[in-house]
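Treat the numbers as computed from the prediction; the structure is a model and nothing was measured. Letters A, B, ... mirror the listed sequences (proteins, then strands); counts begin at 1.
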Amino acid sequence: MHPDARFDAKAPIEEKALTLIWRQSCNELKESIGDMAFDRWFVPLSLVRVTGEEVIISVPNSIYSLWVETNYKADLNRVLGTYLKNFGPMKFEVTGQGGEEDVAAVKNAVGETVWEQPIEEIPTHAPADLKAEIDKSKRKQKKNAADKPVRPDDKSPQRRHECPDLERLRRLGASAGLNEAHLFENFVVSGTSRIAVAASEAVTTEPGKTYQPLFIHSGSGLGKTHLLHAIGWRTLLLRPKSKVVFLSAETFANEYVTALQANALTKFRNKYRKVDLLLIDDVQFLGNKGGMQEEFFHTFNSLNDSHKQIVMTSDMPPHEIRKLESRLVTRFQWGLTSEIAPPDEAARVAILRRKRDEWELKVSNEVIDFIASRIHHNVRLLEGALIRCSMVEKVSENGIQISELENVIADLQTVTDCPRLNPEEIQEVVAEEYGLAARELHGRRRTARIAEARHVAMLFSRELTDYSLVEIGEAFCRDHGTVIHGINSLRGKMEKSTSIRGTVEKLRRTLTRGGSERSGGSEALLR
Amino acid sequence: MKFQIDKSDFLEGLQQVQHVVSTRTTLPILSNVLIEAEGDYLKLSTTDLDVGISGRVKANIEKEGATTLPARRLFSIIKELPSTDISIEIDSDDVATVRSGPSFFKILGLNKEEFPPLASFEEAREFGIDQKLLKDALKKTAYAISTDETRYVLNGINCLLKEGSLTLVATDGRRLAMVEQDLEFPSDDETGVIIPTKAVNELQRLLQDEGEVRVRLSSSQVGFELNESVLVSKLIEGNYPNFRQVIPGDANHRVTIEREVLLNATKRVALLASEKSNSVKLTFENDTLKISANSPEIGEAEETLHIKYDGPTITIAFNPEFLMAPLRALDQDEVFIDLIDDMSPGVIKIDEPFLYVIMPMRVTG
């Protein structure tokens, strides 16, 4: 594989891409360590996260982490290295149920909970001058997220130390774990996110009452975390005395484990059961974690009973989170569940323009329109593409050619933006590999070679596109049942035959990274 | 306190307890041995707070009492004394006067009140095990204990008492040793504990070929009472990984080899195992086993053993240390090596309930 085609771990990588990388890596691993070892040690594993600091692989229990780490870590690193670069050291995370004793320990611990005194009432109105004070001192970083009755510009900006309230807000925000970049103010509201934003704002005006809990879910990179931070800032601004805590479910889990080890559960509980607003990011992380769910369940109840506000985000709706106890699912659904759908093209353009202005980049509207038309599902990728294009624009002397940009952002579109593939394209690529004409794949002939190619194309149409079975069937002039049957029989054959497996994986690589090659035609048109 | 004691009795008593003495200097009392004179016996105890041990030796007690003296120093002094009769007197300031023939020593001790008491086992479960059985089982497993302190649950032997058997397991992630012995005990005492390495070592020293050891188990401590001695240790807290996952399924091929022949051949070949790969290669083919190793800059070695084997050629590489360790610890004449293929772990068995899983090394290139 060409080194440049590898994913850079320092940039965010879509979950879908991770799944693909893992699947490919598994195939290679199987070759090098043997089916027997693979089946025993790798089947239940998954690639959870890849960053420049770490690579997290989830394992069902400690024997897996022990055995895989001591015996297969080098193989894993090598295989991952063919798809990834700049990734950090590998860590194994036990995500399965702990041993019996673990569960018992959790139960024991839960039994001894010390319930806290009810916290004093949250002041419903912050002192009026706080807002004014902050509005006055508003500068570049745009820290406050307040609804502003007064334009800040009509007063001369004041120096920071004259604004103790701003400093205070900052301090509060920092200790709550909030990121200053994420405010309601700079969240681009589009049709698809309007409800989620409105609900978030409602939570800040009437915490614990309107929507308790608020559950926001969306694909990655669409602003869930941004909204969480924004709720935190707004709440701190309106109610400076309230205790706000922002954390990811993973942090929650880690702290819990640490507390368990240090025998400091009471302290841990006090920390989270005493807050007024609990913002939990990526709550799907609790799926599959029995002991943690128990703890979170009690935290949830405790906060709920004392009318505190909880806001959670996840990359899927509560009932779809794998192995989440039903009592948690129902609790998560109590309040409001709101989805942020991927932005439509207009919203994408708005987001890009906004980011351009915010980061003071010199990027033409033309380029922005181009990016918006190419990258669909993820705001983070949009931002990445914007920055890349601005860099290219900066260095190119006589203005930027749209056609050049196609290459610049190609890797952002490919795997991560697989829906750009369609069954027709897949048919072409597959047919070429088998030395057939694409039309033969939707013809009636059923020689072994054609049938196999047809099934392979069906498999990829199913796996790499968003097309429904019926739509895929139509593309092949078949009905959906035939598609299902075709895919299943192919999978059966793949189990048995390495050569078919090899062909399929080769094609998969071509299809998933071939963004720039495949769009060669359209590039010519653009010129 | 005053007593007379035979030199060799005293030395033996001190020897038994002095291994535990802490080398950490933070708490001086931990480098001391507690000496208690009572009735016809001298009771000697040492501890490092994790493991504590006490034994008793016969002595002629003139005046009962207790004190603590620096264990290592006392041992060296006693060892060098010229006469077999030793008389020791301790004054109220814990200063010991040692007299033996022409020799005279004065040793400053510490008050016995400072000595941390050994854990008591009032609410503990208690059962007996045959000493030889336990000694044997520890010997067959202890060498596989992990020394990697980041995985502290592996720094000991996992002891499972379940369904009428005692299972001892040790692993470091690259090999795993397990012994399973039938053992009668009350079924409501089914339990699993991890005994730390240091306690395992001390216990191995104390165990003999006859008699019974009384085991007392509380939730965080274990005590062993045997041959006039008591060993008390903290248990390692945590869950031992599910080791059964490691044990391979049915083997395709079984090879029977004379244990000593295999051990000695491996020992010789290992001399030329390269430092980098640190592996010896075993090739099973046509009724022969070839053991070979080479280091590019030194040379190579090969030993050929005649065995009964008619399966396909299997070439598998092991860390020679990991291959030899169980061979050393076992005393059977023959061992069985079970193999699946080149890449699957090998298993060493004997005709007793013992099993040793060893991961193959994949020699790259």
[X] versus chain A, heavy atoms under 4.5 Å apart: side chain, backbone, both or neither?
| X | result |
| --- | --- |
| B:Asp341 | side chain |
| B:Thr171 | side chain |
| B:Arg174 | both |

Subject >> Considering all heavy atoms, the nearest B:Met359-A:Tyr72 contact >> reply: CE-OH, 3.3 Å
Subject >> Nearest heavy-atom neighbours spanning A:Tyr64 and B:Gln245 >> reply: OH-NE2, 3.0 Å
Original post:
Taking the side chain from A:Asn61 and the backbone from B:Pro241, do they hold a donor-acceptor pair closer than 3.5 Å?
Top reply: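 No; judged by distance alone, with no hydrogens or angles, the pair does not exist.
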Original post:
Applying a criterion of heavy atom separation less than 4.5 Å, what residues of residues 37-46 of chain A form contacts with chain B?
Top reply: A:Arg40, A:Trp41
Original post:
Does atom NZ of A:Lys267 have more than 12 heavy-atom neighbours, drawn from other residues, nucleotides or ligands, at distances under 6.0 Å?
Top reply: no
Original post:
Crowded around B:Glu149 CD? As in, over 12 foreign heavy atoms under 6.0 Å?
Top reply: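 Atom CD in B:Glu149 is not crowded, with 12 or fewer foreign heavy atoms closer than 6.0 Å.
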**OP:** Output the distance between atom OG1 (A:Thr70) and atom CZ (B:Arg175), rounded to the nearest 0.5 Å.
**Re:** 11.5 Å
Original post:
Once you round to the nearest 0.5 Å, how far does CD1 of A:Ile63 lie from CG of B:Leu176?
Top reply: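 Here the rounded value is 7.5 Å.
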Original post:
Relative to chain A, which of B:Val246, B:Asn242, B:Leu154 shows the most heavy atom pairs under 4.5 Å?
Top reply: B:Val246
